[in-house]
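Report on the following structure.
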Number of protein chains: 2
Amino acid sequence: MADLLPADTHPFVRKIESVSLFALSGPEREALATLPLQVADYAAQQDVVLEHDRPNRCFAVLSGLAATYKTTRDGRRQVLAYHVPGDLPDFQSLNLEVLDFSICAVSALRIGFVGHDALRAMFHAHPRLVDAFWRATLIEGSLSREWMLNNGRRESYPRMAHLFCELMVRLEIVGLASDHSCHLPITQYELGDALGISSVHVNRILKELREGGLITLSGGRLKVHDWAALRKAGEFDPTYLHLRSTDS
Amino acid sequence: MADLLPADTHPFVRKIESVSLFALSGPEREALATLPLQVADYAAQQDVVLEHDRPNRCFAVLSGLAATYKTTRDGRRQVLAYHVPGDLPDFQSLNLEVLDFSICAVSALRIGFVGHDALRAMFHAHPRLVDAFWRATLIEGSLSREWMLNNGRRESYPRMAHLFCELMVRLEIVGLASDHSCHLPITQYELGDALGISSVHVNRILKELREGGLITLSGGRLKVHDWAALRKAGEFDPTYLHLRSTDS
DNA sequence: CGACTAGTTGAACGACGTCAACCGTTGTGG
DNA sequence: CCACAACGGTTGACGTCGTTCAACTAGTCG
């Protein structure tokens, strides 16, 4: 079921255009827009790919939220990154035969698979696109470094504040948040997996943030009531997102 | 002060050869070996590059140990990765204008700088090398994901055991460890920055590991006395290192 | 010899985890 | 339509891991 979308809304075109350091040529844009996408839907909690898989395709998030995670042998889970529409969460599979992480759906998720062959053919025809995609993976790396600093060296209150700041900014960029409010159907248990703390403690920190008037998270919706305060609490500096047009 | 080394010991050749999925051609090896290197030496604790720099070159570790780190605003430091000889710690600077991390020398460090221009020219002439270098950065990403799991979800005892396992394996690969013993002139304070714990606690965990007969760390030397036990304690599975020839 | 640095250890404290109870909502089947 | 199970959120009590502070030791360098 190949699904062709109009070029300007095609996820690859939007993403690469926003990431690359040069303006895409017509043929390059065309090549991206005509990449054959295999669309698939996942319910929350379902896994898309698993550690030790050897995929021959990678995928883009079309809608919904995905999470990269790893688990220890005794089953403790650590979420390493969230992926918003436009992201290419397992792009490394193109050059790394066996996956070292799993990716699951956080909310209802629609993704588009692209075969490695098709990508390699495109790169052969349009070598500049390699730089652009490479850059996309490097930006993901930058996010993960900030995540490491956040989880390693900030206590849970600023840590959670930082996470909410990042999510809000990234969702705003792709048009999924407005007025500092976004759809975020995530359980407190899952939040704990991302922050490296227990769900009980998540609950307490959420309460603190709520009673401080910074945010509310309920009914699957995150609302930031005091952006300046949240940003300050999380020591949030968006430089590491490598945005090209800075706002807020 | 350009410094030309014999091709088989040239750090780029060794590294890319060990990382790439295809055998390098003569001209490719030649191009790597003749990359002009600007050699520089750093004392322990000195910074090589700093967050917010906009470098026009990147570097390879020639000898010694380097560390990538970030700091919070109030000065708490988190080490994100260690780099052994052959590694390309800031290769992302080629496609990411402004650095989002700093790199410092852990022990006496010798590095070789290569200008971005020279690299780009080489990639233009030998497009397959792009894949190889890309793959090198992806493997670094894999290490950082395991690091995130380790620091996020393991307690300090297994966490430290895991770190020592990784360092030992990586140093063995580049010939800097033998008999499960290696030069590791690192203070307990710095170890704490890597593991996200205080130096006092590092001391106590080291004592536990020592009294359990697993390792000793003194006089700038790490000795593993019971590799099987250390590996078990750290739940260490080297898959994430993406080695091509597995040993031990 | 004194000053400095890294390591070592104890004691008190704090952050976060664990356990357990309870509540509210949702969904399902009799 | 109601009963009830299942699940996520909320809260308290208590335990543990790791931090902080502080004192002391040992090695090194001038």
Side-chain angles (χ1 to χ4, degrees), chain A residues 43-46 72 74-79 106-108 150-164 183-212 215-223 233-234, chain B residues 43-46 72 74-79 106-108 150-164 183-212 215-223 233-234:
Chain A
Q45 323 298 340
Q46 261 189 300
T72 59
D74 58 332
R76 286 136 65 93
R77 209 170 86 117
Q78 176 69 49
V79 170
V106 174
S107 58
N150 196 38
N151 281 14
R153 282 304 187 190
R154 281 197 265 263
E155 299 194 336
S156 43
Y157 181 91
R159 193 187 301 180
M160 187 178 289
H162 191 281
L163 175 60
F164 287 150
H183 182 58
L184 190 65
I186 194 175
T187 67
Q188 297 182 355
Y189 191 90
E190 292 173 287
L191 260 182
D193 284 343
L195 296 167
I197 61 181
S198 70
S199 62
V200 174
H201 202 57
V202 166
N203 186 286
R204 292 195 236 267
I205 305 293
L206 278 174
K207 185 182 178 188
E208 265 188 78
L209 285 166
R210 189 191 325 127
E211 291 179 348
I215 63 136
T216 49
L217 177 64
S218 69
R221 180 153 281 272
L222 171 66
K223 292 182 190 173
Chain B
Q45 322 299 338
Q46 260 189 301
T72 60
D74 59 332
R76 284 137 67 93
R77 208 170 86 118
Q78 177 69 50
V79 170
V106 174
S107 58
N150 196 38
N151 281 12
R153 283 304 188 189
R154 281 197 264 263
E155 300 193 335
S156 43
Y157 182 90
R159 194 186 301 180
M160 186 178 289
H162 190 282
L163 175 61
F164 287 150
H183 183 58
L184 190 64
I186 193 175
T187 68
Q188 297 182 355
Y189 191 91
E190 294 172 286
L191 261 181
D193 284 343
L195 296 166
I197 62 182
S198 69
S199 62
V200 173
H201 201 56
V202 166
N203 186 286
R204 292 195 235 269
I205 304 295
L206 277 174
K207 185 182 178 188
E208 264 188 78
L209 285 166
R210 189 190 327 126
E211 291 180 347
I215 62 136
T216 49
L217 176 65
S218 69
R221 180 153 283 272
L222 171 66
K223 292 183 190 173

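Letters go in sequence order (proteins before strands), and every chain restarts at 1. Note that this is a predicted model, so its numbers are computed, not measured.
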Under 4.5 Å between any side-chain heavy atoms of [X] and [Y], yes or no?
| X | Y | result |
| --- | --- | --- |
| B/Leu206 | B/Ile215 | yes |
| A/Ile205 | A/Arg159 | no |
| B/Leu191 | B/Leu163 | yes |

Please round to the nearest 0.5 Å and tell me the distance separating atom [atom1] of [X] and atom [atom2] of [Y].
| X | Y | atom1 | atom2 | result |
| --- | --- | --- | --- | --- |
| A/Ile197 | A/Glu155 | CD1 | CD | 11.0 Å |
| B/Leu222 | B/Thr216 | CG | OG1 | 7.0 Å |
| B/Ser107 | B/His183 | OG | NE2 | 5.5 Å |
| B/Ile186 | B/Leu217 | CD1 | CG | 8.0 Å |

Quiz item: When all nucleic acid strands are considered with a 4.0 Å heavy-atom cut-off, which category describes B/Ser218: base, sugar-phosphate, or nothing?
Solution: nothing
Practice problem: Describe the nucleic acid contact of A/Ser199 in one word from base, sugar-phosphate, nothing, applying a heavy-atom distance below 4.0 Å. | Solution: nothing
Exercise. Just report the end-to-end axis angle for the helix from C/dC1-D/dG30 to C/dG30-D/dC1, five pairs per end, to 10 degrees.
Key: 30°
Quiz prompt | salt bridge (charged side-chain N to carboxylate O under 4.0 Å, His left out) partners of residues 185-195 of chain B, not counting sequence neighbours, each pair once | solution = A/Arg153-B/Asp193, B/Arg77-B/Asp193
Self-check item: Contacts of type salt bridge (Lys or Arg N to Asp or Glu O under 4.0 Å), residue A/Arg204, not counting sequence neighbours
Solution: none
Quiz item: In terms of side-chain heavy atoms of A/Ile197, which of D/dG18, C/dG17, D/dT20 is nearest?
Solution: C/dG17
Each nucleotide N or O in nucleotides 25-30 of chain D that has a protein N or O under 3.5 Å away: list the pair and distance.
none

Practice problem: Could you tell me whether a side-chain N or O of B/Asn150 sits under 3.5 Å from a main-chain N or O of B/Leu195, the two making a donor and an acceptor? | Solution: no
Atom pairs, N/O to N/O, protein against nucleotides 3-7 of chain C, distance under 3.5 Å?
residue, atom, partner, partner atom, Å
C/dG7, OP2, B/Gln188, N, 3.0

Quiz item: Within this structure, what is the CD-to-P distance between A/Glu211 and D/dT11, rounded to whole angstrom?
Solution: 8 Å
Quiz item: Which is it for A/Asn151 and B/Asn151 under the side-chain contact (heavy atoms from CB on, under 4.5 Å) test, yes or no, and what are the steps along the way?
Solution: CA-CA 8 Å; A/Asn151 281 14; B/Asn151 281 12; over 6 Å; no
Dump every N/O contact between nucleotides 13-16 of chain D and the protein below 3.5 Å, one line per pair.
residue, atom, partner, partner atom, Å
D/dA13, N6, A/Arg204, NH2, 3.2

Exercise. Compare side-chain N and O positions of B/Ser198 against OP1 and OP2 of D/dG18 and report whether any pair is under 4.0 Å apart.
Key: no
